[in-house]
Amino acid sequence: MSRRTRDSVVADRRDIVVADPWTKLRQYTSARIALGRSGTSLPTKPHLEFQFAHARARDAVHHELDASTFAETLRSRGLETILLHSAADSRPMYLQRPDMGRRLDAPSRKHLEEVPRPSKPYDVVFVIGDGLSALAIEENTAPFLDAVLPTLKDDWHIAPLCVVKEARVAVGDEVGEVLGAKLVVVMIGERPGLSSPDSMSLYMTLNPRVGLTDESRNCISNIRPQGLSYQHAAYKLRYLMTEARRRGVSGVNLKDEAEALPKAGPASAENFLIES
């Protein structure tokens, strides 16, 4: 086959893939849009990329948090940490029985009840749960805490961090109730998406107690380097916490009406968070 013939064959093969007219929009999102087509099917490259993303999402769901090592990492940063476990005693049970992930197991509840109480009740307890993506917690917890804790230290009495393995969001209500905290913030791994297996969410609830439902919570989601930044998430959370305490409500009765976070510059985001 001559070189001209080979070049013609290569050009014909390229023409097999029909470009999508919206291709330019892909620079603004990681969503699977404008992938083109080959006949009535996806081209090979985006099809393989989809399979890879699906495999990453499955791995994230089944990945187990090494809770002891994770808790020690937090303690090494000077953060008092309590290690707990939900009533789901294994990852398979956690995935098959969501209700078990919403309550502490008996030893964890007993351990929490024996934690010495301060003379002044805790204003807030941060509960860290692996959720459906332990990877999200491993990657995002420390930098988020670095962003938010300095903004709260002067006017919030913060309980020890509680790390709960095999956790669902509602387990935070039990933790907050047992500790007598006025407010709970649950940091948890989101259900992995095909473009974000490492996304963390925050769920804030005023007056936590067993039996509350989702309308009592405020959610901040997609916290990760490619999503909502740690500084923006910290700013939003501090606003919601402050307003929840001031108004005495959370969930559907409390809207995120915070002003936009100033851009970096003479008044940096970090300074704004601490001084505002």
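- Taking hydrophobic clusters as Ile, Leu, Val, Met, Phe, Trp and Tyr residues chained together by side-chain heavy-atom distances below 4.5 Å, V249 shares a cluster with M241.
- When all heavy atoms of P160 and I82 are compared, the closest pair comes out as CB-CD1, 3.9 Å.
- Other residues, nucleotides and ligands contribute more than 12 heavy atoms inside 6.0 Å of the CZ atom of R247.
- Within a 6.0 Å radius of CD in E80, no more than 12 heavy atoms belonging to other residues, nucleotides or ligands are found.
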Pair Y239-E257, side-chain contact (heavy atoms from CB on, under 4.5 Å): steps then yes or no: CA-CA 8 Å; Y239 171 84; E257 299 170 338; 3.3 Å; yes
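- The pair E174-R109 meets the salt-bridge criterion, with a side-chain N (NZ, NE, NH1 or NH2) lying under 4.0 Å from an Asp/Glu carboxylate O.
- Listed for the S196 side chain is no donor-acceptor partner under 3.5 Å among the backbone atoms of P192.
- In this structure, the side chain of R103 does not engage the main chain of G101 through any donor-acceptor pair within 3.5 Å.
- Linking Ile, Leu, Val, Met, Phe, Trp and Tyr whenever their side-chain heavy atoms come within less than 4.5 Å leaves V185 and V171 in two separate clusters.
- Residues N218 and S250 have side chains that never bring a donor and an acceptor to within less than 3.5 angstrom of each other.
- In this structure a side-chain-to-backbone donor-acceptor pair under 3.5 Å is present from S133 to A136.
- Residues K165 and L84 form no side-chain contact, since every pair of their non-hydrogen atoms from C-beta on lies 4.5 Å or further apart.
- Partner I128 forms a side-chain contact (heavy atoms from CB on, under 4.5 Å) with one of L65, V164, L74, I188 and no other, that one being L74.
- Nearest heavy atoms, G36 versus P43: O-CD, 3.5 Å.
- The CZ atom of F126 sits 10.5 Å away from atom CG of L79, with the distance rounded to the nearest 0.5 Å.
- Heavy-atom minimum distance, V169 versus V186: O-CG2, 3.7 Å.
- Hydrophobic clustering (ILVMFWY, side-chain heavy atoms < 4.5 Å, transitive): V125 and L152 are in distinct clusters.
- Cluster annotation: Y122 is not connected to L149 through the hydrophobic network of ILVMFWY side chains, with a link wherever side-chain heavy atoms come within less than 4.5 Å.
- In this structure, CE on M187 lies 9.0 Å from CG on L237, to the nearest 0.5 angstrom.
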Derivation of the side-chain contact (heavy atoms from CB on, under 4.5 Å) call for L104 and H85: CA-CA 6 Å; L104 295 173; H85 204 292; over 6 Å; no
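- Side chain of K45 to backbone of L42: no donor-acceptor contact under 3.5 angstrom is found.
- Results of the side-chain contact (heavy atoms from CB on, under 4.5 Å) test with D198 over E138, Q226, E190 single out Q226 as the only residue that passes.
- Going from atom CD of E72 over to atom CG of D66 covers 10.5 Å, rounded to the nearest 0.5 Å.
- Annotation for R117: atom CZ counts as buried by contact number, over 12 foreign heavy atoms lying within 6.0 Å.
- With respect to the salt-bridge test (charged N to carboxylate O, under 4.0 angstrom), the residues K182 and D123 qualify.
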side-chain contact (heavy atoms from CB on, under 4.5 Å) evaluation trace for L228 with K236: CA-CA 10 Å; L228 185 67; K236 284 177 172 291; 4.3 Å; yes
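- A cation-pi arrangement is not found for R238 relative to W156, the charged atom failing to lie both closer than 6.0 Å to the ring centre and inside a 45° cone about the ring normal.
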Salt bridge (charged side-chain N to carboxylate O under 4.0 Å, His left out) between D105 and K110, intermediate numbers included: CA-CA 9 Å; D105 63 11; K110 184 175 185 296; over 6 Å; no
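- The pair E243-R246 meets the salt-bridge criterion, with a side-chain N (NZ, NE, NH1 or NH2) lying under 4.0 Å from an Asp/Glu carboxylate O.
- For the atom pair OG of S216 and CG of N253, the computed distance is 8.5 Å after rounding to the nearest 0.5 Å.
- Classification of E139 and R224 as a salt-bridged pair fails, no side-chain N sitting under 4.0 Å from a carboxylate O.
- Using a 3.5 Å distance cut-off with no hydrogens or angles, the side chains of S108 and H111 do not pair a donor with an acceptor.
- Contacts of R102 classified as salt bridge (Lys or Arg N to Asp or Glu O under 4.0 Å), with partners at least two apart in sequence or in another chain: none.
- Within 6.0 Å of CZ on R75 lie more than 12 heavy atoms contributed by other residues, nucleotides or ligands.
- A donor atom on one side chain and an acceptor atom on the other are found under 3.5 Å apart for N140 and Y230.
- Looking only at distances, no side-chain donor or acceptor of Y235 sits under 3.5 Å from a matching main-chain atom of A258.
- What you find for I220 and A233 is that their closest heavy atoms are CD1-O, 4.1 Å.
- A heavy-atom distance below 4.5 Å is found between the side chains of T205 and L212.
- With hydrogens and angles ignored, the 3.5 Å screen pairs a side-chain donor or acceptor of D130 with a backbone N or O of E166.
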Working for salt bridge (charged side-chain N to carboxylate O under 4.0 Å, His left out), residues R217 and D173: CA-CA 10 Å; R217 321 183 204 285; D173 296 333; 2.8 Å; yes
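- The nearest pair of heavy atoms linking S199 to N222 is OG-CA, 2.9 Å.
- Hydrophobic clustering keeps I137 apart from V127 (ILVMFWY residues linked when any side-chain heavy atoms are closer than 4.5 Å, directly or through intermediates).
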Verdict with reasoning, C162 to L179, per side-chain contact (heavy atoms from CB on, under 4.5 Å): CA-CA 10 Å; C162 292; L179 287 178; 4.0 Å; yes
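- For the pair R168 and Y94, the cation sits on the ring face: its NZ or CZ lies under 6.0 Å from the ring centre, inside 45° of the axis.
- Between H232 and S229 the shortest heavy-atom distance is ND1-OG, 2.9 Å.
- To the nearest 0.5 angstrom, L132 atom CG is 13.0 Å from H63 atom NE2.
- Side-chain contact between L83 and S68 is present, with heavy atoms from C-beta onward closer than 4.5 Å.
- A distance of 8.5 Å separates CG in L161 from CZ in F70, rounded to the nearest 0.5 Å.
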